[in-house]
Amino acid sequence: MTRAAFPARFRDAGAAAEAARWVLHAHRVSAWDHRLFHKVAARHWPGGDRVLPRLSKAANHGGLWFAVAAGIAATRHPAARRTALRGVASLAVASATVNTLGKRAVRRARPILDNVPVVRQLHTQPVTTSFPSGHSASAAAFTTGLALENPRWGAAVAPLAAAVAFSRVYTGVHYPSDVLAGAAIGVGAAFAVRGLAPTRSQLPTPARPLSDAPALRGGKGLVLVANASSGQRTAEPADGADDAPAEEPAGLAVVRALLPDAEIVLCDPRSDDVAAAFDEGAARAAETGGALGVLGGDGTINCAARAAVRHGLPLAVLPGGTRNHFAYDLGIETAEDACRAVVAGDAVAVDLARFTPGPEGSDGHPGYFLNTFSLGSYPELVRMRERWAPRIGAWPAGVLAAMRVLHTAGPVEAGLGGRQRPMWQLFVGNCTYRGLGVAPVRRHDLADGLLDVRVVPGGRWPRSRLLAAALTSVVGRSPVHSTARLRRLRISDIPDGTHLAFDGEVARAPRELLIDKQHEALTVYRPLDHGTY
């Protein structure tokens, strides 16, 4: 290489020598790359000729990883679903980076296949450039994403990812450096996703105020009321099914194993008075200085919370519904989590929000919510979803109900903060929610003393405004909805026939409402460490 070939900044001898050393290093890396490629091609790998080309093909367009993610999510454990989602998100970022930047920046030709046995070669050769390896980037990103959320899943999938990366050299479509560079991009993509969406271990512990609760060894003193039908509305009941006994919720087997001395009351809302069951159970627990327990969804937990507050008892929450927002925001994802907290006596204080009919200062009978309250489109969506869910399942019913509401519903005009205004949707959260949209589903603090109020006003093009708010809005920055953090909210002049929704339940709205908070009114068991029983 001549001196004239260097840019002007390398014209001095020292800079030219440094550039020459870099060129020499590049030649050495390239020579190592080719030698290693040819060694892999020349060596016979038992079983590799049949397995690795097929594995490489299975990973085309991320198909293999989507299948693995679906298998992980099929366990229906919340942590598994989060792990699968993080893996897929990391894969998407890595794939976009490779295809938009990597392949275009370095236009390296694919290896020559003269020394690669025909039996190993792919039937359809890739047409893109060689550097970096997109398959390796996807494999590394997916596996690293899994590991950041759940190290066990990451360790389980890592050998498969390594085999996919090696298969790209084995089949002759990439040099080793292509694979290494792709893997580095994949790992970086997973960490970038973690920077945008922290893992559960990085988030602050929800409901931080600690509270006193009895440690119930073996569950002695715990009266647990289980909703027999929670989370089971997935198919239309057969003729006479209302008279058939409901199946016992799966979480009760865990309770019987870990809390053998607990009293369990199985309650079927189709035939039993759920509110009365909680009151009777709370009275028995209060006599022994114990606690009230609940296994069910958010609506059932709402009923249990009211009974626990009336009797001054701590509440043990076992997720057993379809969504379990309150339990998950507490950090309780499984029955084991709740049982561990009951045994240890670990508990926190959380806020209880309430809505009272009538003008401010009236003695109307209040209702309570642990998660959300809403007027407008959402109550109608809930009504449709609950009507269709027994026939087609909860999630399809939710999608169809949302489409129907967008097509048919209209805004509600009511007084908000002393001013009459049309509202497509009013959302009030018990404590501050994080994330996107007018009704995000994650809280980091369940005792902040605030109401999270979000309004999509009527105005022009109300349906388009609602859809835009749901898909693109960011809290405090959206042109299509407004937000506020309040301690109390008065709603007046609510039209007759309007419905309200609270914690997944629907009721007819009164003419006026006052929404406020009872700060740290409820004590709830939750694990504060990862100890064992």
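Just so it is clear, the model here is predicted, and its values are computed rather than measured.
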Under the side chain to side chain contact (heavy atoms under 4.5 Å, CB included) rule, what do V350 and E520 come out as? Steps first, then yes or no, please.
CA-CA 5 Å; V350 303; E520 299 182 17; over 6 Å; no
Give the intermediate values and the outcome of side chain to side chain contact (heavy atoms under 4.5 Å, CB included) for residues L416 and L489.
CA-CA 8 Å; L416 192 64; L489 175 69; 3.7 Å; yes
Run the side chain to side chain contact (heavy atoms under 4.5 Å, CB included) test on E413 and Q420 for me, step by step, so that the C-alpha distance in whole Å, both residues' side-chain angles and the decisive distance to 0.1 Å come before the verdict.
CA-CA 7 Å; E413 186 165 343; Q420 200 74 9; 3.6 Å; yes
Run the side chain to side chain contact (heavy atoms under 4.5 Å, CB included) test on D445 and T432 for me, step by step, so that the C-alpha distance in whole Å, both residues' side-chain angles and the decisive distance to 0.1 Å come before the verdict.
CA-CA 7 Å; D445 186 355; T432 303; over 6 Å; no
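N430 places a side-chain N or O within donor-acceptor distance of the main-chain N or O of D351, the cut-off being under 3.5 Å. Counting only distance, with no hydrogens or angles, the side chain of D516 and the backbone of R488 share no donor-acceptor pair below 3.5 Å. Listed for the D493 side chain is no donor-acceptor partner under 3.5 Å among the backbone atoms of G415. Checked by atom type and distance alone, the side chain of K517 never pairs as donor or acceptor with a backbone atom of R487 at under 3.5 Å. In this structure, R354 contributes its side chain and P366 its backbone to no donor-acceptor pair below 3.5 Å. The backbone N or O of D268 lies less than 3.5 Å from a partner atom in the side chain of D272, making a donor-acceptor pair.
Of all heavy-atom pairs spanning F326 and V317, the tightest one is CE2-CG2, 4.1 Å. In plain terms, the two heavy atoms of G296 and I301 that are nearest each other are O-CD1, 3.7 Å. Across L313 and A286, no two heavy atoms sit closer than the pair CD2-CA, 3.9 Å. Shortest non-hydrogen contact noted between G219 and L259 is N-CD2, 3.7 Å. Across every non-hydrogen atom of A141 and A94, the tightest pair is CB-CB, 3.5 Å. The minimum heavy-atom distance linking P214 with Y525 is given by the pair O-OH, 2.7 Å.
Taking 4.5 Å as the limit, every side-chain heavy atom of V453 sits out of range of all side-chain heavy atoms of I515. The shortest distance between side-chain heavy atoms of T83 and L146 falls below 4.5 Å. Side-chain contact between R194 and R86 is present, with heavy atoms from C-beta onward closer than 4.5 Å. For the pair D346 and P527, the minimum side-chain heavy-atom distance is 4.5 Å or more. Looking only at side-chain heavy atoms (C-beta outward), L266 and P249 come within less than 4.5 Å of each other. D337 places a side-chain heavy atom less than 4.5 Å from the side chain of R340. You'll find the side chain of T523 stays beyond 4.5 Å of the side chain of L315, heavy atoms only. The shortest distance between side-chain heavy atoms of D279 and H311 falls below 4.5 Å.
Within 6.0 Å of atom CZ in R256, more than 12 heavy atoms from other residues, nucleotides or ligands are found, so the atom counts as buried in its surroundings.
Taken to the nearest 0.5 Å, the CD atom of E263 stands 9.0 Å off from the OG1 atom of T288. Note that CG of L426 and CG of L500 are 10.5 Å apart. Values are rounded to the nearest 0.5 Å. Here the CZ-CZ distance, from F278 to R310, works out to 11.0 Å after rounding to the nearest 0.5 Å. Note: L446 CG to C431 SG = 5.5 Å, rounded to the nearest 0.5 Å. Put simply, CG on L224 and CG on L318 are 6.0 Å apart, with the number rounded to the nearest 0.5 Å. Here CG of D298 is found 4.5 Å from CG of N371. Values are rounded to the nearest 0.5 Å.
Only one option out of D448, D452, D329 pairs with R443 in a side chain to side chain donor-acceptor pair (under 3.5 Å); it is D329. Remark: of the listed residues Y433, F373, F369, Y433 is the sole one forming a ring pair (Phe, Tyr, Trp, His ring centres under 6.0 Å) with F427.
R508 pairs by the salt bridge (charged side-chain N to carboxylate O under 4.0 Å, His left out) definition with nothing, not counting sequence neighbours. Residues that satisfy the side chain to side chain donor-acceptor pair (under 3.5 Å) test with E505, not counting sequence neighbours, are absent from this structure. In terms of the side chain to side chain contact (heavy atoms under 4.5 Å, CB included) criterion, residue partners of D261 (sequence neighbours excluded) are, by chain and number, K220.
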